[in-house]
Amino acid sequence: TGAFKSYVVGLGWYDEDFNTKYEVFEDTSYNSNDTRSCIVKFLDWLNDNAEAFDEYKIYAHNGGRFDWNLFLSEGLSNNPHWKIEADKVIELNGCYINIPLKNKHKCIKLELRDSYRILSEKLDDLTQEYNVEHKKLTGEIDFNTITFHNWFQQREDVLRYLYNDVIGLLEVLTVFSEEVYNGFEGINITQQFTSATLAKSHWFLNCYDSVKYPIFNLSKEVDSYITPSYYGGRCECFYLGDVSKTIKPNGIYYMDYTSLYPAMMMNEIPYGQPTFYGFEGLTNKDKINKIKLFERNRWCFVRCMVKSIKKNKKPIHSMKDEMGRLVFRHYDTPTEMTLNGCELLLGLKEGIYEYEILDAYVFYKAKYFKKAVKMLFERKAKAKREGNSCLAKICKIVVNSLYGFWCFNRYDRQGVRFYEKDDFNRLLKDFQDNKILEWKELGEYLVARINDDVNMDTCNKAIASAITSLAR
């Protein structure tokens with residue numbers, strides 16, 4: 001039918017004596033009268049052994065996009081033993097980050113997690129890089145040809161592959177967990193959902209000075225003002241047309257920067273509560289001079305009209321085109337933009353544009369990330385010298401993720417929300433507040449696509465916009 005259907009589930013864990021344990025649950029409808037799916041068998045077994053897994057986190061690699069969707073459709077959404085704690089499900093960008101479960105008969109809780117959100121590489125690469133005993137097996141089976149109806153014809157090979165996948169992931173997470181705990185001041189990875197939350201925990205635990213450099217959540221008004229200034233990196237082709245005729249053979253290269261965003265974080269970055277300036281009564285020349293004065297020891301976000309006056313130079317300012325692509329172009333007519341002050345000053349220096357200043361938000365600025373970024377780079381280099389490739393990899397993950405959590409879009413965000421069918425008040429309120437865009441029934445639950453603000457502590461788009469601006 002083109003739809004995925006599970007045929008075998010494997011579970012690996014350590015017992016109290018740290019011995020590796022493994023269970024496998026197969027679909028046996030091809031040779032028995034047991035018509036339960038392998039997922040239902042797993043959930044039944046998990047209920048029988050629930051006490052041994054209380055407060056456990058069960059990881060699947062890329063489970064948030066694949067495995068847990070199969071669980072929801074093949075047994076979890078209408079299960080006699082396990083209840084989804086609907087109001088605590090975390091979904092992000094089409095991926096389930098966390099699905100909390102509560103046993104219906106016992107005071108047992110556990111959570112379904114996605115290891116790919118914190119270790120964003122292929123399992124094959126991870127088992128090699130972390131040099132665990134059980135490497136992912138490759139090459140002998142073409143899983144594109146295996147279906148629910150024929151898998152048992154290669155059963156022994158499939159089970160062997162599954163065992164290495166499961167135990168290999170368990171070993172990778174164990175090594176990763178130990179290195180993070182020992183190398184990053186006791187951080188427990190089971191309390192982190194993504195690499196960004198890991199970096200965030202490290203930053204606030206070890207580096208944040210709330211007295212000297214306080215960082216605040218932006219109000220919805222300020223966030224909306226700054227959002228148009230926030231774009232990604234500059235990716236362009238400087239030779240157009242048939243490059244094979246323009247450049248000698250083998251003479252085409254691309255240029256990239258290693259850890260460019262972390263490097264930019266060593267510069268002065270905005271912090272504190274912003275101040276709004278409407279520049280009432282000032283001429284445009286005086287407004288520009290005011291911006292120049294602010295930029296000496298402040299960080300400005302400036303709303304202005306931009307017009308190109310020198311088109312023989314590469315453009316500085318970018319906008320999204322009708323296809324959503326970030327393009328750097330010249331502007332024949334005055335175009336409203338919100339710019340980081342450093343980009344506006346560069347445009348003035350190069351004489352590329354003329355600006356009509358409308359208003360601005362002004363922050364303090366300082367090099368408050370410099371110590372943290374420098375420390376992570378130094379720790380990564382030291383780990384490499386000592387042959388600790390795992391710690392070096394973790395330092396790379398943390399330093400590259402240190403930027404990411406600041407840019408989280410917490411206002412008017414579309415996502416997925418679970419409701420228990422008897423949770424009428426919560427459901428009705430979201431309908432009345434026009435938060436629900438569409439919904440469907442899923443077993444004992446209603447699943448809705450919603451548009452709502454997210455209660456996320458300390459995300460600040462001004463920081464992310466400044467970092468990407470410096471990088472461009």
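Treat the numbers as computed from the prediction; the structure is a model and nothing was measured.
From Glu178, atom CD reaches atom CG of Leu391 across 12.5 Å, with rounding to the nearest 0.5 Å. Taken from OH in Tyr411 to CG in Asn451, the straight-line distance is 14.0 Å, to the nearest 0.5 Å. How far OG of Ser389 is from CD of Gln128: 11.5 Å, rounded to the nearest 0.5 Å. From Ile397, atom CD1 reaches atom OG1 of Thr194 across 11.5 Å, with rounding to the nearest 0.5 Å. Taking CG from Leu442 and CD1 from Ile84, the interatomic distance works out to 7.0 Å, rounded to the nearest 0.5 Å. Atoms CZ and CG, on Phe18 and Asp15 in that order, are 9.5 Å from each other to the nearest 0.5 Å.
Smallest separation of non-hydrogen atoms from Gly232 and Tyr261: C-OH, 3.6 Å. Among all heavy-atom pairs drawn from Asp124 and Lys136, the shortest one is N-CD, 3.6 Å. Considering all non-hydrogen atoms of both residues, Glu111 and Pro100 come closest at CG-CA, 4.1 Å. Contact between Phe216 and Gly272 at its shortest, heavy atoms only, is CD1-C, 3.7 Å. Across all their heavy atoms, Pro270 and Ala462 have their closest contact at CG-O, 3.6 Å. For the pair Val373 and Pro262, the tightest heavy-atom approach, listed with the atom from each and the gap, is CG1-O, 3.4 Å.
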- Report the C-alpha separation of Asp452 and Arg417 in whole Å, then their side-chain angles, then the decisive distance to 0.1 Å, and conclude whether the salt bridge (Lys or Arg N to Asp or Glu O under 4.0 Å) test is met. CA-CA 10 Å; Asp452 196 7; Arg417 184 169 292 169; 3.1 Å; yes
- Test log, rule salt bridge (Lys or Arg N to Asp or Glu O under 4.0 Å), inputs Glu350 and Lys310: CA-CA 9 Å; Glu350 297 293 327; Lys310 188 180 289 186; over 6 Å; no
- Please step through side-chain contact (heavy atoms from CB on, under 4.5 Å) for the pair Leu46 and Leu110, ending with a clear verdict. CA-CA 10 Å; Leu46 195 59; Leu110 51 86; 3.8 Å; yes
- Evaluate the criterion ring-ring contact (aromatic ring centres under 6.0 Å, His included) for residue pair Phe301 and Phe363; output intermediate values, then yes/no. CA-CA 8 Å; Phe301 292 91; Phe363 292 75; 5.7 Å; yes
- Item | Audit row: Phe176, Ile394, side-chain contact (heavy atoms from CB on, under 4.5 Å) steps and yes/no | CA-CA 8 Å; Phe176 180 75; Ile394 293 166; 3.6 Å; yes
- Task: Apply the test ring-ring contact (aromatic ring centres under 6.0 Å, His included) to residues Tyr163 and Tyr22: give CA-CA distance (whole Å), side-chain angles for both, the deciding distance (0.1 Å), then the verdict.
- Result: CA-CA 8 Å; Tyr163 180 83; Tyr22 181 73; 4.8 Å; yes
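Centroid-to-centroid, the aromatic rings of Phe369 and Trp203 come within less than 6.0 Å. Aromatic rings of Tyr361 and Tyr225 (six-membered ring for Trp) have centroids within the 6.0 Å cut-off, being under it.
Residue Lys106 qualifies as enclosed at atom NZ: its count of foreign heavy atoms under 6.0 Å is above 12. The number of heavy atoms from other shown groups lying within 6.0 Å of NZ (Lys313) is above 12. For CZ of Phe276, the number of neighbouring non-hydrogen atoms (other residues, nucleotides, ligands) closer than 6.0 Å is greater than 12. Within 6.0 Å of NZ on Lys435 lie more than 12 heavy atoms contributed by other residues, nucleotides or ligands. Surrounding CD of Glu336 are more than 12 heavy atoms belonging to other residues, nucleotides or ligands, all under 6.0 Å away. Within 6.0 Å of NZ on Lys57 lie more than 12 heavy atoms contributed by other residues, nucleotides or ligands.
The shortest side-chain heavy-atom distance between Tyr368 and Asp209 does not fall under the 4.5 Å cut-off. At a threshold of 4.5 Å between non-hydrogen side-chain atoms, the residues Phe408 and Arg413 count as touching. For the pair Asp114/Tyr96, no side-chain contact is recorded, criterion being any heavy-atom separation below 4.5 Å from C-beta on. Under the 4.5 Å side-chain criterion, counting only non-hydrogen atoms from C-beta, Tyr355 is not in contact with Val302. In this structure the side chain of Glu295 reaches within 4.5 angstrom of the side chain of Lys365, judged on heavy atoms. Contact of the Tyr59 side chain with the Thr190 side chain is registered, since non-hydrogen atoms from C-beta on lie closer than 4.5 Å. With a 4.5 Å cut-off on side-chain heavy atoms, Tyr403 and Leu260 do not count as touching. With contacts defined as side-chain heavy-atom distances shorter than 4.5 Å, the pair Phe42/Leu76 does not qualify.
Ion pairing between Glu85 and Lys109 holds under the 4.0 Å rule for side-chain N and carboxylate O. Looking at Arg426 and Asp87, no side-chain N of the basic residue comes within less than 4.0 Å of a carboxylate O on the acidic one, giving no salt bridge. Note on Asp453 versus Arg410: no salt bridge recorded, every NZ/NE/NH1/NH2 to OD/OE distance being 4.0 Å or above. Comment: Asp412 engages Lys220 in a salt bridge, judged by a side-chain N to carboxylate O separation of less than 4.0 angstrom.
Partner of His134 under the side chain to side chain contact (heavy atoms under 4.5 Å, CB included) criterion, chosen from Ile167, Val166, Leu169, Thr20: Ile167.
Panel note: side chain Ser219, backbone Val222; a donor-acceptor pair is recorded below 3.5 Å. Checked by atom type and distance alone, the side chain of Thr335 pairs as donor or acceptor with a backbone atom of Thr333 at under 3.5 Å. With hydrogens and angles disregarded, no donor-acceptor distance shorter than 3.5 Å links the side chain of Arg472 to the backbone of Glu343. At distances below 3.5 Å, at least one donor-acceptor pair connects side-chain atoms of Lys135 with backbone N or O atoms of Val132. Listed for the Ser73 side chain is a donor-acceptor partner under 3.5 Å among the backbone atoms of Asn69. The backbone N or O of Gly183 lies less than 3.5 Å from a partner atom in the side chain of Arg379, making a donor-acceptor pair. For the pair Trp68 (side chain) and Arg113 (backbone), a donor-acceptor distance under 3.5 Å is present. Listed for the His317 side chain is no donor-acceptor partner under 3.5 Å among the backbone atoms of Leu344. No side-chain donor-acceptor contact under 3.5 Å links Asn340 to the backbone of Cys342. Asn267 places a side-chain N or O within donor-acceptor distance of the main-chain N or O of Met264, the cut-off being under 3.5 Å.
For the residue pair Gln192/Ser201, the side-chain donor-acceptor check at 3.5 Å is satisfied. Using a 3.5 Å distance cut-off with no hydrogens or angles, the side chains of Arg65 and Asn93 do not pair a donor with an acceptor.
Ring-plane geometry between Phe184 and His202 is classed as perpendicular, the angle between the planes exceeding 60 degrees on a 0 to 90 degree scale with a lower cut at 30. Between Phe53 and Tyr56, the angle of the ring planes goes over 60°, which puts this pair in the perpendicular group of the 30/60° scheme. Ring geometry for Tyr331 against Tyr353 counts as tilted: the plane angle lies between 30° and 60°, on a 0 to 90° scale. Between Phe4 and Phe66, the angle of the ring planes goes over 60°, which puts this pair in the perpendicular group of the 30/60° scheme. A parallel orientation is assigned to the rings of Tyr277 and Phe279, their planes being inclined by less than 30° (bins at 30° and 60°).
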